[in-house]
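Owing to the predicted nature of the structure, the values given are computational and were not obtained by experimental measurement.
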Number of protein chains: 4
Amino acid sequence: MISSSARRGRPRDARSDAAIADAVAALLAESGYAAMSIGAVATRAGVGKDTIYRRWSGKAELVYETVFTTADTADLPDTGTLEGDLTAVVQSLVEEFSEPAAAAALPGLLADFAAVPELRAAIRSRFLAPAKERLVAVFDRAARRGETDSGVPADLALDTLAGAVFFHLGIMGEQPDPDLAARIAAMIVKGIEVR
Amino acid sequence: MISSSARRGRPRDARSDAAIADAVAALLAESGYAAMSIGAVATRAGVGKDTIYRRWSGKAELVYETVFTTADTADLPDTGTLEGDLTAVVQSLVEEFSEPAAAAALPGLLADFAAVPELRAAIRSRFLAPAKERLVAVFDRAARRGETDSGVPADLALDTLAGAVFFHLGIMGEQPDPDLAARIAAMIVKGIEVR
Amino acid sequence: MISSSARRGRPRDARSDAAIADAVAALLAESGYAAMSIGAVATRAGVGKDTIYRRWSGKAELVYETVFTTADTADLPDTGTLEGDLTAVVQSLVEEFSEPAAAAALPGLLADFAAVPELRAAIRSRFLAPAKERLVAVFDRAARRGETDSGVPADLALDTLAGAVFFHLGIMGEQPDPDLAARIAAMIVKGIEVR
Amino acid sequence: MISSSARRGRPRDARSDAAIADAVAALLAESGYAAMSIGAVATRAGVGKDTIYRRWSGKAELVYETVFTTADTADLPDTGTLEGDLTAVVQSLVEEFSEPAAAAALPGLLADFAAVPELRAAIRSRFLAPAKERLVAVFDRAARRGETDSGVPADLALDTLAGAVFFHLGIMGEQPDPDLAARIAAMIVKGIEVR
DNA sequence: AACTAACCGAGACGGTACGTCGGGTCTTACC
DNA sequence: GGTAAGACCCGACGTACCGTCTCGGTTAGTT
């Protein structure tokens with residue numbers, strides 16, 4: 001007896017989730033975040049609007065959970081040097097934001113998240129916190145190797161690193177220059193040096 | 001005779017511009033960018049909607065030109081050191097984005113700009129280009145003083161510097177920590193060091 | 001062995017019928033016919049929606065069979081005079097339509113019935129035909145007593161009599177004046193006089 | 001200078017009213033009252049939904065004011081006899097309710113009106129009151145001619161007369177038998193006889 | 001005692017319509 | 001030609017019901 005009260009009523013159809021995710025990705029890439037309406041997603045997915053609203057509170061949540069699913073769970077790289085590790089971390093960010101759907105969604109998504117306190121809290125705990133944890137782990141390894149001291153300002157590094165990627169790709173909409181990650185990482189490594 | 005036919009008909013009323021600007025700032029601070037409608041601005045300003053559309057193409061342009069008017073024209077600081085100059089530059093960014101109306105407007109504005117190619121081009125030439133020019137000037141002065149070599153990657157520095165500020169204030173909505181500018185500037189100075 | 005294959009499977013639960021009938025009457029009186037949804041009836045009765053749809057085809061049928069159960073089967077009055085008999089017939093109509101649930105249901109119910117040919121046929125055979133039969137019987141008795149000739153237009157009398165009651169109570173929503181039945185009956189008796 | 005404050009803003013477009021009226025009549029005849037949605041009317045009329053909601057509060061008001069415009073203003077018939085006058089009055093009712101759009105609209109319309117107290121009051125004052133006035137005038141003329149006494153119960157006559165027509169045409173959906181009006185009028189004339 | 005079939009409560013499903021709101025344009029009378 | 005007012009068409013919003021379906025589970029009669 002694992003679940004006490006069992007699950008009552010008809011269970012949600014997993015095929016709906018898949019169809020919705022596909023429709024979201026397609027519409028984002030085709031017409032962008034602002035022009036993507038919930039109604040259009042429903043029609044494209046062959047699904048009723050309720051089926052979407054039953055799962056997500058609105059467009060922001062729908063797009064965030066549908067598009068940004070990868071990377072968060074990918075395991076920490078261990079390249080042997082701080083610069084290598086940071087490059088890998090930044091590179092995964094770059095790749096995530098370079099996918100067509102993600103690139104199309106980012107600015108509008110950030111605007112919607114910023115406008116609603118609950119969503120702003122959600123992004124903090126679901127995106128920022130894990131990212132910072134990973135960064136801290138990378139810096140800890142570097143400290144153990146003797147590459148840096150232990151008093152590294154991870155917050156500032158995260159702001160700078162994530163901010164640079166967001167600004168370059170998400171806001172300015174630049175192409176993802178292949179050595180962008182390496183250049184940003186190199187700057188941070190030097191920048192955070194603790195004597 | 002420069003303009004042959006001059007301007008015919010009734011000239012535009014300057015009081016309307018002022019009333020509109022006030023209404024935009026007030027509504028942005030009260031309810032945010034997304035919830036601010038052109039109609040509401042018009043009503044609040046005691047002005048017809050057409051009077052707004054006659055001057056601006058839409059909400060993004062209206063807000064951008066109404067809220068972000070300062071700083072772009074402020075003259076270059078000259079503190080004697082690269083770090084001092086950069087701190088001043090970052091500080092002016094921080095201050096600009098910390099004003100209630102600006103903070104409320106930023107994310108939504110960026111989303112609207114990103115969605116429309118013409119607007120994206122506008123931000124590039126009207127905000128990014130001058131900012132980069134000023135940054136280049138700062139680096140040139142540092143090179144003349146012998147503080148750095150001349151091959152400094154200004155683009156990357158701008159991305160990092162602006163990105164960190166945008167991300168911290170605009171996206172995450174954090175409070176403007178008084179020594180934020182100094183910390184960012186310090187990191188950049190070390191980070192862009194050219195041997 | 002009455003029915004060869006009998007009825008297999010679990011029999012319907014009579015308590016559900018009762019709970020549904022109560023819920024219908026309560027919701028009709030509280031919020032009216034239009035505002036009464038099948039889902040609300042199901043919830044109020046503590047019953048699944050299917051349990052309702054298994055028994056009735058929709059709201060119109062549900063309400064009709066749940067609310068209008070009396071009177072149709074009541075036996076013919078025999079007061080000794082045509083006017084007395086007609087008064088009794090009209091009075092039973094008045095009483096049936098004066099119950100809160102019935103009064104609340106009538107107009108909407110008639111609209112739904114009128115909109116669907118099958119339902120219109122149903123009302124004709126299940127309400128109108130028996131009513132006319134009873135009226136014909138009353139007139140026959142009067143003819144046998146010598147009160148009237150035999151060529152009385154029962155159709156017209158029924159339209160007039162039922163129409164007057166429907167219009168006064170059902171459509172205009174007037175209070176059921178206690179001598180309404182008698183006044184209508186008196187007018188009909190004089191009106192249908194056959195020399 | 002008739003209107004003091006003039007009329008400000010763009011005036012309503014009379015062509016919209018006409019297009020909406022046509023669309024309502026067509027859709028009523030095609031699909032009936034219940035199946036006629038405001039959105040469908042708007043599309044058919046080439047008009048925005050707002051343009052409808054700006055003029056009417058909802059479907060009931062829209063249909064009532066659009067479909068039932070005639071007859072109310074037609075002048076009193078004067079045939080010389082009470083029965084003739086009444087036949088004419090009933091006949092105009094029959095004709096009004098026999099038009100396809102009116103016949104299709106009646107039951108649903110009555111249901112909606114009955115459900116909302118404000119609308120019920122409206123029908124009382126806008127339909128019933130004028131109808132009763134005309135009936136009273138007819139009876140007065142008859143009294144002056146010496147055909148009847150003056151104490152005729154006009155209320156009851158109206159209920160009976162209107163009820164019979166409503167019931168026969170509106171509710172039962174019968175065809176408009178050509179001498180229906182005459183038969184109803186004849187019955188009333190005899191029925192309301194005052195000795 | 002096992003099987004089978006219909007019932008049951010719950011609630012998800014694809015749809016359709018609702019009434020409102022904002023966008024950007026157009027049309028008045030007036031200045 | 002600018003201006004305030006406000007009507008215009010359009011399209012999206014989030015909600016409410018519709019009538020159907022799909023779960024796990026119950027309750028009878030039939031083998």
Sort and list the pairs that fulfil side chain to side chain donor-acceptor pair (under 3.5 Å) and have at least one residue in residues 34-52 of chain D, not counting sequence neighbours. D:Glu30-D:Arg44
To the nearest Å, how far apart are B:Leu62 CG and E:dG24 P? 11 Å
Separation between CG (B:Leu28) and OG1 (B:Thr66), nearest 0.5 Å, reads 8.5 Å
Which residues satisfy the side-chain hydrogen bond (donor to acceptor under 3.5 Å, both in side chains) test with C:Arg15, sequence neighbours excluded? C:Asp13
For residues 11-49 of chain D, which residue pairs qualify under ring-ring contact (aromatic ring centres under 6.0 Å, His included), counting only residues two or more places apart or in two chains? none
With sequence neighbours left out, the residues meeting side-chain hydrogen bond (donor to acceptor under 3.5 Å, both in side chains) with C:Arg12 are none
If I take atom OH in residue A:Tyr53 and atom C1' in nucleotide F:dC17, what distance separates them, rounded to the nearest angstrom? 17 Å
Pairs flagged by ring-ring contact (aromatic ring centres under 6.0 Å, His included) wherever residues 39-62 of chain B is involved - sequence neighbours left out: none
Distance, rounded to the nearest Å, where D:Ile20 contributes CD1 and F:dA7 contributes C1': 12 Å
Please collect all side chain to side chain donor-acceptor pair (under 3.5 Å) contacts where either partner lies in residues 18-27 of chain D, sequence neighbours excluded, each pair once. none
Under 4.0 Å, heavy atom to any atom of DNA chain E: which of residues 31-43 of chain D qualify? D:Ser37, D:Ile38, D:Gly39
Calculate, to the nearest 0.5 Å, the distance between atoms CD1 and CD1 belonging to B:Ile20 and B:Ile38 respectively. 9.5 Å
Residues at least two apart in sequence or cross-chain that pass side-chain hydrogen bond (donor to acceptor under 3.5 Å, both in side chains) with A:Arg55, listed by chain then number, are A:Asp17
Can you tell me the distance, in whole Å, between the CZ atom of C:Arg15 and the C1' atom of F:dT26? 12 Å
Quickly work out the D:Ile52 CD1 to F:dG11 P distance and round it to whole Å. 16 Å
I'd like to know whether the aromatic ring centres of B:Phe113 and B:Tyr64 sit less than 6.0 Å apart in this structure. yes
Any side-chain heavy atom of A:Glu99 sitting closer than 4.5 Å to one from A:Val67? no
In residues 102-119 of chain D, which residues come under 4.0 Å of DNA chain E by heavy atom? none
For the helix from E:dA1-F:dT31 to E:dC31-F:dG1, what angle separates the axis at the start from the axis at the finish, each from five pairs, in steps of 10°? 20°
Nucleotide by nucleotide, nucleotides 1-9 of chain E touches protein heavy atoms under 4.0 Å in the pattern (B base, S sugar-phosphate only, - none) ---SBBBBS
As an exercise, state the distance from CG of C:Leu110 to CG of C:Leu119, rounded to the nearest 0.5 Å. 11.5 Å
Can you list the residues that meet the side-chain contact (heavy atoms from CB on, under 4.5 Å) rule with B:Ala114, with sequence neighbours excluded? A:Pro107
Measure from CZ on D:Arg44 to C1' on F:dC9 and round the result to the nearest Å. 19 Å
